[in-house]
Amino acid sequence: MKKLALPILIFVMGLLYIFVIPNEPEALKTLFKLIPMWLILIYAYIRIPDKTSRPHWIIWSGLFFCMLGDGLLRWFVIGLTAFLIGHIFYAVGFSRYRQVSKQSLLLLIPIGLYGFVMGFSVIDALLADQNYALLVPVLIYLMVILLMCWTSFLSKNKWAMIGSVLFVISDSFLSWNMFVSDILYSDILIMTTYYSAQFLIAHSLRFFKPYP
């Protein structure tokens, strides 16, 4: 039961933020948004094997920068940059365990197609709104998060793979709702997939063997 205490607390605090905490005051909303991530960082630390290695801490650093992104997202480009750094850490950490195969290379096709469709839709919306300042940051972020997702599949760690896919889904909801068109229950969809993604990436750390 002790092993489940922290995951249950993360789950409860995530539900509290999503369904209970009001949008105002903003400082209170941001605080409760960060609490599940602080708990996930602790959970990730506990999940790191006793015989640790650099990739474990690289992935943990990715969680840390994503937590910073949560707190800074009200300044969109700054928050986006923090998330971008987090994804770079994830991609570097996952790639240390890469097992390149024909199947993993073929996976680039659906990932690339998804990136093209999503990128085209978001960029078209930004151009229509004459929001030129976000074109490059959003495009770079899209490419990096898709790279992160691909490297998770190279690692053959199922928890990292599921977590990375959920992260892409969460950010897709966010981007579509912010730039293209409104999504019904967007906040719930974004945050449930986001917290699930981060928890699973934290959970995956135990299954990465120490890197020689």
Side-chain angles (χ1 to χ4, degrees), residues 34 36-73 76-112 114-116 118-119 136-172 174-175 193-212:
L34 290 172
M37 276 305 300
W38 293 337
L39 295 172
I40 288 172
L41 281 167
I42 295 170
Y43 181 71
Y45 178 81
I46 295 170
R47 295 293 297 175
I48 293 175
D50 293 335
K51 191 178 180 181
T52 185
S53 59
R54 186 174 295 176
H56 292 107
W57 293 110
I58 292 173
I59 296 169
W60 190 92
S61 298
L63 286 164
F64 177 79
F65 273 95
C66 287
M67 179 274 296
L68 291 181
D70 279 330
L72 297 170
L73 204 55
F76 183 72
V77 174
I78 297 174
L80 190 72
T81 302
F83 275 112
L84 178 70
I85 295 170
H87 290 312
I88 291 172
F89 274 112
Y90 285 152
V92 172
F94 295 154
S95 65
R96 294 293 184 94
Y97 299 95
R98 63 186 178 275
Q99 300 177 47
V100 181
S101 63
K102 187 181 294 184
Q103 289 78 11
S104 65
L105 292 175
L106 287 173
L107 191 62
L108 286 170
I109 297 173
I111 290 176
Y114 179 80
F116 176 79
M118 192 68 190
V136 174
V138 168
L139 189 58
I140 292 174
Y141 182 83
L142 176 63
M143 291 188 293
V144 171
I145 193 174
L146 292 178
L147 174 65
M148 181 277 293
C149 185
W150 183 59
T151 57
S152 75
F153 280 87
L154 294 183
S155 75
K156 305 296 184 183
N157 184 316
K158 66 179 180 180
W159 302 112
M161 288 188 277
I162 298 170
S164 69
V165 170
L166 285 173
F167 215 137
V168 171
I169 292 171
S170 176
D171 276 1
S172 297
L174 176 64
S175 300
T193 50
Y194 171 72
Y195 284 141
S196 299
Q198 297 287 46
F199 177 81
L200 291 175
I201 290 173
H203 186 73
S204 74
L205 286 170
R206 179 58 57 90
F207 302 98
F208 285 116
K209 295 179 181 180
Y211 192 76

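Positions are given from 1 along the sequence. Quick caveat: nothing in here was measured; it's all calculated off a predicted structure.
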Student: Ser175: which residues meet the side chain to side chain donor-acceptor pair (under 3.5 Å) condition with it, sequence neighbours left out?
Tutor: none

Student: What are the two closest heavy atoms between Ala202 and Ile40, and how far apart are they?
Tutor: CB-CG2, 3.8 Å

Student: Distance check, rounded to the nearest 0.5 Å: Leu84 atom CG versus Leu142 atom CG?
Tutor: 11.0 Å

Student: Determine the minimum heavy-atom distance between Pro49 and Leu205, stating which atoms define it.
Tutor: CD-O, 3.6 Å

Student: More than 12 non-hydrogen atoms from neighbouring residues, nucleotides or ligands closer than 6.0 Å to CZ on Phe207, yes or no?
Tutor: yes

Student: Of all the heavy-atom pairs spanning Ser104 and Trp150, show the shortest one and how long it is.
Tutor: O-NE1, 2.7 Å

Student: Would Phe65 and Phe83 count as a close aromatic pair, with their ring centres under 6.0 Å?
Tutor: no

Student: Between the main-chain N or O of Thr193 and the side-chain N or O of Ser196, is there a donor-acceptor pair closer than 3.5 Å?
Tutor: no

Student: Say you draw a straight line from CG of Leu63 to CG of Leu68; how long is it, rounded to the nearest 0.5 Å?
Tutor: 11.5 Å

Student: Going by side chain to side chain donor-acceptor pair (under 3.5 Å), name the residues that satisfy it together with Trp38, two or more places apart in sequence or in a different chain.
Tutor: none

Student: Could you list the donor-acceptor pairs under 3.5 angstrom formed by side chains in residues 41-48, with sequence neighbours left out?
Tutor:
{"unit_1": "Tyr43", "atom_1": "OH", "unit_2": "His203", "atom_2": "ND1", "d": "2.8"}
{"unit_1": "Arg47", "atom_1": "NE", "unit_2": "His203", "atom_2": "O", "d": "3.4"}
{"unit_1": "Arg47", "atom_1": "NH2", "unit_2": "His203", "atom_2": "O", "d": "3.4"}

Student: Does the Thr151 side chain pair with the main chain of Leu154, one donor and one acceptor, at a distance under 3.5 Å?
Tutor: no

Student: Which distance, rounded to the nearest 0.5 Å, do you find between the OG of Ser95 and the CE of Met148?
Tutor: 12.5 Å

Student: How close do Gly115 and Leu146 get, counting heavy atoms only, and between which atoms?
Tutor: CA-CD1, 3.4 Å

Student: So, using side chain to side chain donor-acceptor pair (under 3.5 Å) as the criterion, who are the partners of Tyr194 when residues are at least two apart?
Tutor: Asp70, Gln198

Student: Return the CZ to OG distance between Phe94 and Ser204, rounded to the nearest 0.5 Å.
Tutor: 5.5 Å

Student: Which residues pass the side chain to side chain contact (heavy atoms under 4.5 Å, CB included) test with Ile162, not counting sequence neighbours?
Tutor: Leu166, Leu200

Student: Could you tell me whether a side-chain N or O of Tyr97 sits under 3.5 Å from a main-chain N or O of Lys209, the two making a donor and an acceptor?
Tutor: yes

Student: Taking C-beta and beyond as the side chain, do Phe208 and Pro55 meet within less than 4.5 Å on heavy atoms?
Tutor: no

Student: Could you pull out all residues at least two apart from Ser164 that satisfy side chain to side chain donor-acceptor pair (under 3.5 Å)?
Tutor: Ser152

Student: Could you check whether any side-chain N or O of His87 sits under 3.5 Å from a backbone N or O of Tyr141, counting only pairs where one atom can act as donor and the other as acceptor?
Tutor: no

Student: Specify the closest pair of heavy atoms between Cys66 and Gly86, including all atoms of both residues, with the distance to one decimal.
Tutor: SG-CA, 4.2 Å

Student: How long is the span from the CD1 atom in Ile111 to the CG atom in Leu106, to the nearest 0.5 Å?
Tutor: 11.0 Å

Student: Taking atom types as modelled, find out whether Tyr114 and Ser172 have a side-chain donor-acceptor pair closer than 3.5 angstrom.
Tutor: yes

Student: Taking atom CZ as the centre, does Phe76 end up with more than 12 heavy-atom neighbours from other residues, nucleotides or ligands that are less than 6.0 angstrom away?
Tutor: yes

Student: Quick check: closest heavy atoms across Ile58 and Phe89, and the distance to 0.1 Å?
Tutor: CG2-O, 3.0 Å

Student: Roughly how far, to the nearest 0.5 Å, is the CG atom of Leu147 from the OH atom of Tyr90?
Tutor: 14.5 Å

